[in-house]
Amino acid sequence: MCHVIVTCRSMLWTLLSIVVAFAELIAFMSADWLIGKAKPSSSEDVDNRTGGSQEPYHPTLGIYGRCTRISHMQLSRRDTLCGPYAENFNEIASGFWQATAIFLAVGIMILCAVAFVSVFTMCVQSIMKKSIFNVCGLLQGIAGLFLILGLILYPAGWGCQKAISYCGPYASAYKLGDCSLGWAFYTAIGGTVLTFICAVFSAQAEIATSSDKVQEEIEEGKNLICLL
(Lines give C-alpha, C1' and ligand atoms only; values in the text may rest on other atoms or scores of the structure.)
Protein backbone atom coordinates (compact mmCIF):
# COMPACT_ATOMS: atom_id res chain seq x y z
CA MET A 1 0.00 0.00 0.00
CA CYS A 2 1.25 3.46 -0.92
CA HIS A 3 1.64 5.88 1.95
CA VAL A 4 1.92 9.57 1.16
CA ILE A 5 4.42 10.98 3.65
CA VAL A 6 5.01 14.72 3.74
CA THR A 7 7.32 16.32 6.28
CA CYS A 8 8.75 19.80 6.52
CA ARG A 9 12.30 18.56 5.91
CA SER A 10 11.44 16.28 3.00
CA MET A 11 9.38 18.98 1.30
CA LEU A 12 12.16 21.54 1.77
CA TRP A 13 14.68 19.11 0.27
CA THR A 14 12.41 18.51 -2.73
CA LEU A 15 11.92 22.22 -3.36
CA LEU A 16 15.65 22.94 -3.04
CA SER A 17 16.46 20.09 -5.44
CA ILE A 18 14.12 21.55 -8.06
CA VAL A 19 15.43 25.11 -7.56
CA VAL A 20 19.06 23.99 -7.85
CA ALA A 21 18.42 22.06 -11.06
CA PHE A 22 16.63 25.01 -12.72
CA ALA A 23 19.24 27.53 -11.52
CA GLU A 24 22.12 25.52 -13.00
CA LEU A 25 20.23 24.90 -16.24
CA ILE A 26 19.38 28.58 -16.71
CA ALA A 27 22.96 29.64 -15.92
CA PHE A 28 24.38 27.11 -18.39
CA MET A 29 22.09 28.34 -21.20
CA SER A 30 22.74 32.02 -20.50
CA ALA A 31 25.20 34.18 -22.44
CA ASP A 32 25.91 36.37 -19.38
CA TRP A 33 29.03 34.59 -18.11
CA LEU A 34 31.39 37.37 -19.20
CA ILE A 35 30.48 41.03 -19.61
CA GLY A 36 32.74 42.49 -22.29
CA LYS A 37 34.41 45.85 -22.35
CA ALA A 38 32.20 48.75 -23.38
CA LYS A 39 31.79 49.24 -27.10
CA PRO A 40 31.70 52.94 -28.09
CA SER A 41 28.67 54.17 -29.95
CA SER A 42 29.21 54.74 -33.63
CA SER A 43 28.55 58.03 -35.42
CA GLU A 44 25.28 56.56 -36.66
CA ASP A 45 24.19 55.52 -33.18
CA VAL A 46 22.16 58.64 -32.38
CA ASP A 47 19.06 59.04 -30.27
CA ASN A 48 16.41 60.62 -32.53
CA ARG A 49 14.72 62.41 -29.63
CA THR A 50 17.77 64.10 -28.07
CA GLY A 51 20.20 64.20 -30.97
CA GLY A 52 22.91 62.75 -28.69
CA SER A 53 24.68 59.44 -28.92
CA GLN A 54 23.53 56.56 -26.80
CA GLU A 55 25.51 55.09 -23.94
CA PRO A 56 28.18 52.53 -24.86
CA TYR A 57 26.92 48.98 -24.57
CA HIS A 58 28.52 45.89 -23.08
CA PRO A 59 28.37 42.69 -25.15
CA THR A 60 28.18 39.46 -23.18
CA LEU A 61 29.74 36.06 -23.81
CA GLY A 62 28.71 32.65 -22.52
CA ILE A 63 30.13 29.18 -22.87
CA TYR A 64 28.56 28.72 -26.29
CA GLY A 65 26.42 31.84 -26.75
CA ARG A 66 26.77 35.59 -26.93
CA CYS A 67 24.76 38.80 -26.91
CA THR A 68 25.76 41.77 -29.04
CA ARG A 69 24.13 44.75 -30.68
CA ILE A 70 23.32 44.58 -34.38
CA SER A 71 25.67 46.97 -36.17
CA HIS A 72 23.11 48.46 -38.58
CA MET A 73 20.28 48.85 -36.04
CA GLN A 74 21.52 50.41 -32.82
CA LEU A 75 18.71 52.74 -31.82
CA SER A 76 17.04 50.62 -29.14
CA ARG A 77 17.67 47.74 -26.77
CA ARG A 78 15.47 45.59 -28.96
CA ASP A 79 18.32 45.47 -31.45
CA THR A 80 20.48 43.39 -29.13
CA LEU A 81 20.97 39.98 -30.70
CA CYS A 82 21.48 36.92 -28.48
CA GLY A 83 22.16 33.40 -29.63
CA PRO A 84 24.78 30.68 -29.95
CA TYR A 85 28.02 31.63 -31.67
CA ALA A 86 28.90 27.94 -32.03
CA GLU A 87 26.79 25.89 -34.44
CA ASN A 88 28.23 22.65 -33.08
CA PHE A 89 30.28 21.44 -30.13
CA ASN A 90 33.62 21.70 -31.97
CA GLU A 91 33.05 25.42 -32.59
CA ILE A 92 33.01 26.30 -28.88
CA ALA A 93 35.78 28.86 -28.50
CA SER A 94 38.11 26.95 -26.18
CA GLY A 95 38.96 23.36 -25.36
CA PHE A 96 38.60 24.31 -21.71
CA TRP A 97 35.09 25.61 -22.40
CA GLN A 98 34.27 22.40 -24.22
CA ALA A 99 35.31 20.48 -21.11
CA THR A 100 33.30 22.92 -18.99
CA ALA A 101 30.24 22.32 -21.15
CA ILE A 102 30.61 18.55 -20.75
CA PHE A 103 31.06 18.62 -16.98
CA LEU A 104 28.25 21.12 -16.43
CA ALA A 105 25.91 19.23 -18.76
CA VAL A 106 26.53 15.94 -16.94
CA GLY A 107 26.03 17.59 -13.55
CA ILE A 108 22.84 19.32 -14.67
CA MET A 109 21.39 16.11 -16.14
CA ILE A 110 21.97 14.37 -12.82
CA LEU A 111 20.37 17.26 -10.92
CA CYS A 112 17.35 17.29 -13.24
CA ALA A 113 16.92 13.53 -12.79
CA VAL A 114 17.10 13.91 -9.00
CA ALA A 115 14.62 16.82 -9.10
CA PHE A 116 12.20 14.65 -11.09
CA VAL A 117 12.56 11.71 -8.70
CA SER A 118 12.27 13.94 -5.63
CA VAL A 119 8.67 14.76 -6.50
CA PHE A 120 7.73 11.08 -6.09
CA THR A 121 9.48 10.61 -2.74
CA MET A 122 6.22 11.55 -1.04
CA CYS A 123 4.80 8.20 -2.17
CA VAL A 124 7.90 6.01 -2.55
CA GLN A 125 10.67 6.29 -0.01
CA SER A 126 12.75 3.25 -0.94
CA ILE A 127 13.62 1.02 -3.89
CA MET A 128 15.11 -2.46 -3.39
CA LYS A 129 15.47 -1.63 0.33
CA LYS A 130 17.60 1.42 -0.54
CA SER A 131 16.46 4.82 0.68
CA ILE A 132 15.67 7.08 -2.28
CA PHE A 133 16.77 10.08 -0.23
CA ASN A 134 20.21 8.60 0.39
CA VAL A 135 20.62 7.58 -3.28
CA CYS A 136 19.52 11.02 -4.46
CA GLY A 137 21.86 12.69 -1.95
CA LEU A 138 24.76 10.63 -3.29
CA LEU A 139 23.87 11.60 -6.86
CA GLN A 140 23.67 15.27 -5.88
CA GLY A 141 27.14 15.02 -4.35
CA ILE A 142 28.46 13.50 -7.59
CA ALA A 143 26.72 16.21 -9.62
CA GLY A 144 28.33 18.84 -7.40
CA LEU A 145 31.78 17.43 -8.18
CA PHE A 146 31.09 17.65 -11.92
CA LEU A 147 29.93 21.25 -11.49
CA ILE A 148 33.07 22.15 -9.54
CA LEU A 149 35.30 20.69 -12.25
CA GLY A 150 33.44 22.68 -14.90
CA LEU A 151 33.69 25.94 -12.96
CA ILE A 152 37.42 25.42 -12.29
CA LEU A 153 38.15 24.80 -15.98
CA TYR A 154 36.03 27.69 -17.26
CA PRO A 155 38.46 30.54 -16.34
CA ALA A 156 41.30 28.63 -18.03
CA GLY A 157 39.59 29.43 -21.34
CA TRP A 158 39.69 33.21 -20.90
CA GLY A 159 42.80 33.33 -23.05
CA CYS A 160 41.05 32.04 -26.18
CA GLN A 161 40.66 34.34 -29.17
CA LYS A 162 36.92 34.70 -28.66
CA ALA A 163 37.37 35.91 -25.08
CA ILE A 164 40.19 38.26 -26.11
CA SER A 165 37.92 39.88 -28.70
CA TYR A 166 35.46 40.67 -25.87
CA CYS A 167 37.90 41.35 -23.01
CA GLY A 168 40.87 42.96 -24.72
CA PRO A 169 44.48 41.82 -25.30
CA TYR A 170 45.26 41.52 -21.60
CA ALA A 171 42.80 38.67 -21.12
CA SER A 172 44.41 35.28 -20.47
CA ALA A 173 43.82 32.13 -18.48
CA TYR A 174 42.31 33.11 -15.11
CA LYS A 175 42.71 36.82 -15.97
CA LEU A 176 39.61 38.73 -17.07
CA GLY A 177 41.29 41.64 -18.79
CA ASP A 178 38.66 44.30 -19.46
CA CYS A 179 35.74 41.95 -18.80
CA SER A 180 33.76 41.34 -15.64
CA LEU A 181 31.88 38.28 -14.49
CA GLY A 182 28.16 38.13 -15.26
CA TRP A 183 25.25 36.88 -13.19
CA ALA A 184 25.27 33.44 -14.86
CA PHE A 185 28.72 32.59 -13.43
CA TYR A 186 27.67 33.61 -9.92
CA THR A 187 24.40 31.70 -10.30
CA ALA A 188 26.35 28.59 -11.28
CA ILE A 189 28.57 28.96 -8.21
CA GLY A 190 25.58 29.52 -5.93
CA GLY A 191 23.81 26.52 -7.44
CA THR A 192 26.88 24.37 -6.84
CA VAL A 193 26.98 25.35 -3.18
CA LEU A 194 23.27 24.58 -2.85
CA THR A 195 23.83 21.23 -4.56
CA PHE A 196 26.08 20.11 -1.71
CA ILE A 197 23.64 21.52 0.84
CA CYS A 198 20.91 19.42 -0.78
CA ALA A 199 23.15 16.35 -0.69
CA VAL A 200 23.66 16.78 3.06
CA PHE A 201 20.03 17.72 3.72
CA SER A 202 18.79 14.56 1.97
CA ALA A 203 19.87 12.62 5.08
CA GLN A 204 17.61 14.81 7.20
CA ALA A 205 14.73 14.21 4.80
CA GLU A 206 15.28 10.46 5.11
CA ILE A 207 15.32 10.67 8.91
CA ALA A 208 12.11 12.70 8.94
CA THR A 209 10.18 10.25 6.74
CA SER A 210 11.33 7.18 8.70
CA SER A 211 10.86 8.56 12.20
CA ASP A 212 8.97 6.73 14.96
CA LYS A 213 6.08 9.18 14.64
CA VAL A 214 5.67 8.28 10.96
CA GLN A 215 5.76 4.56 11.75
CA GLU A 216 3.08 5.04 14.41
CA GLU A 217 0.81 6.78 11.92
CA ILE A 218 1.37 3.99 9.39
CA GLU A 219 0.45 1.37 12.01
CA GLU A 220 -2.74 3.31 12.72
CA GLY A 221 -3.72 2.74 9.09
CA LYS A 222 -3.28 6.29 7.82
CA ASN A 223 -2.40 6.68 4.11
CA LEU A 224 -1.76 10.44 4.21
CA ILE A 225 0.78 11.47 6.80
CA CYS A 226 1.75 15.13 7.23
CA LEU A 227 4.26 16.10 9.89
CA LEU A 228 6.08 19.32 10.68
Side-chain angles (χ1 to χ4, degrees), residues 14-37 39 57-70 73 76-119 136 139-167 171 173-174 176-177 179-199:
T14 297
L15 293 175
L16 279 177
S17 297
I18 294 173
V19 168
V20 165
F22 273 103
E24 289 290 348
L25 181 60
I26 292 172
F28 178 72
M29 296 175 62
S30 173
D32 291 328
W33 285 69
L34 286 179
I35 301 175
K37 62 180 180 179
K39 299 290 185 181
Y57 67 97
H58 293 266
T60 60
L61 180 65
I63 297 173
Y64 63 89
R66 55 89 181 98
C67 285
T68 188
R69 187 169 293 179
I70 302 175
M73 296 175 62
S76 71
R77 295 182 64 182
R78 294 181 182 178
D79 301 323
T80 300
L81 177 65
C82 294
Y85 67 80
E87 295 183 0
N88 55 64
F89 180 77
N90 291 329
E91 292 183 1
I92 293 178
S94 167
F96 290 108
W97 288 4
Q98 291 176 349
T100 295
I102 292 174
F103 285 125
L104 291 185
V106 172
I108 290 170
M109 284 191 292
I110 295 174
L111 290 178
C112 288
V114 171
F116 178 77
V117 171
S118 69
V119 176
C136 287
L139 290 175
Q140 286 175 325
I142 294 172
L145 293 177
F146 278 109
L147 296 176
I148 286 177
L149 287 173
L151 292 174
I152 290 175
L153 289 174
Y154 172 68
W158 290 345
C160 68
Q161 191 58 47
K162 189 75 173 179
I164 290 174
S165 67
Y166 277 70
C167 305
Y174 297 96
L176 280 171
C179 283
S180 58
L181 293 172
W183 65 265
F185 182 79
Y186 293 113
T187 299
I189 292 178
T192 302
V193 173
L194 284 177
T195 296
F196 286 104
I197 292 176
C198 285

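Please read these numbers as outputs of a predicted model, since none were measured by experiment.
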Expected list for residues 82-89: side-chain donor-acceptor pairs under 3.5 angstrom, two or more places apart:
from	atom 1	to	atom 2	distance (Å)
Tyr85	OH	Ile63	O	2.8
Tyr85	OH	Ala93	N	3.1
Asn88	OD1	Asn90	N	3.1
Asn88	OD1	Glu91	N	3.2

side-chain contact (heavy atoms from CB on, under 4.5 Å) partner of Gln140, the single match among Val114, Ile110, Leu16: Val114
All side-chain contact (heavy atoms from CB on, under 4.5 Å) counterparts of Ile148, not counting sequence neighbours: Ile152, Thr192, Phe196
Side chains of Cys167 and Leu34 in contact at under 4.5 Å (non-hydrogen atoms): yes
For residues 157-166, please give each side-chain donor-acceptor pair under 3.5 Å, one per line with the distance, not counting sequence neighbours.
from	atom 1	to	atom 2	distance (Å)
Ser165	OG	Lys162	O	2.5

Test disulfide (SG to SG under 2.5 Å) applied to Cys112 - qualifying residues, sequence neighbours left out: none
Spacing of CG belonging to Leu139 relative to OG1 belonging to Thr195, to within rounding of 0.5 Å: 12.0 Å
Glu24 side chain reached by Thr187 side chain, heavy atoms, under 4.5 Å: no
Plane angle bin for Trp97 and Tyr154 - parallel if under 30°, tilted between 30 and 60°, otherwise perpendicular: parallel
Residues that Leu194 engages under side-chain contact (heavy atoms from CB on, under 4.5 Å), provided they are two or more places apart: Val20, Ile197
side-chain contact (heavy atoms from CB on, under 4.5 Å) against Ile18, all qualifying residues, sequence neighbours excluded: Thr14, Phe22, Ala115, Ser118, Val119
More than 12 heavy atoms from other groups under 6.0 Å of CZ on Phe116: no
Any residue meeting side-chain contact (heavy atoms from CB on, under 4.5 Å) with Phe96, in chain and number order, not counting sequence neighbours: Ser94, Leu153, Ala156
Under 3.5 Å: donor-acceptor pair, side chain of His58, backbone of Gly36: yes
With Cys136 via disulfide (SG to SG under 2.5 Å) - residues at least two apart: none
Spacing of Phe28 atom CZ and Thr100 atom OG1 [to the nearest 0.5 Å]: 9.5 Å
Side chain to side chain donor-acceptor pair (under 3.5 Å) partners for Thr60, two or more places apart: Asp32
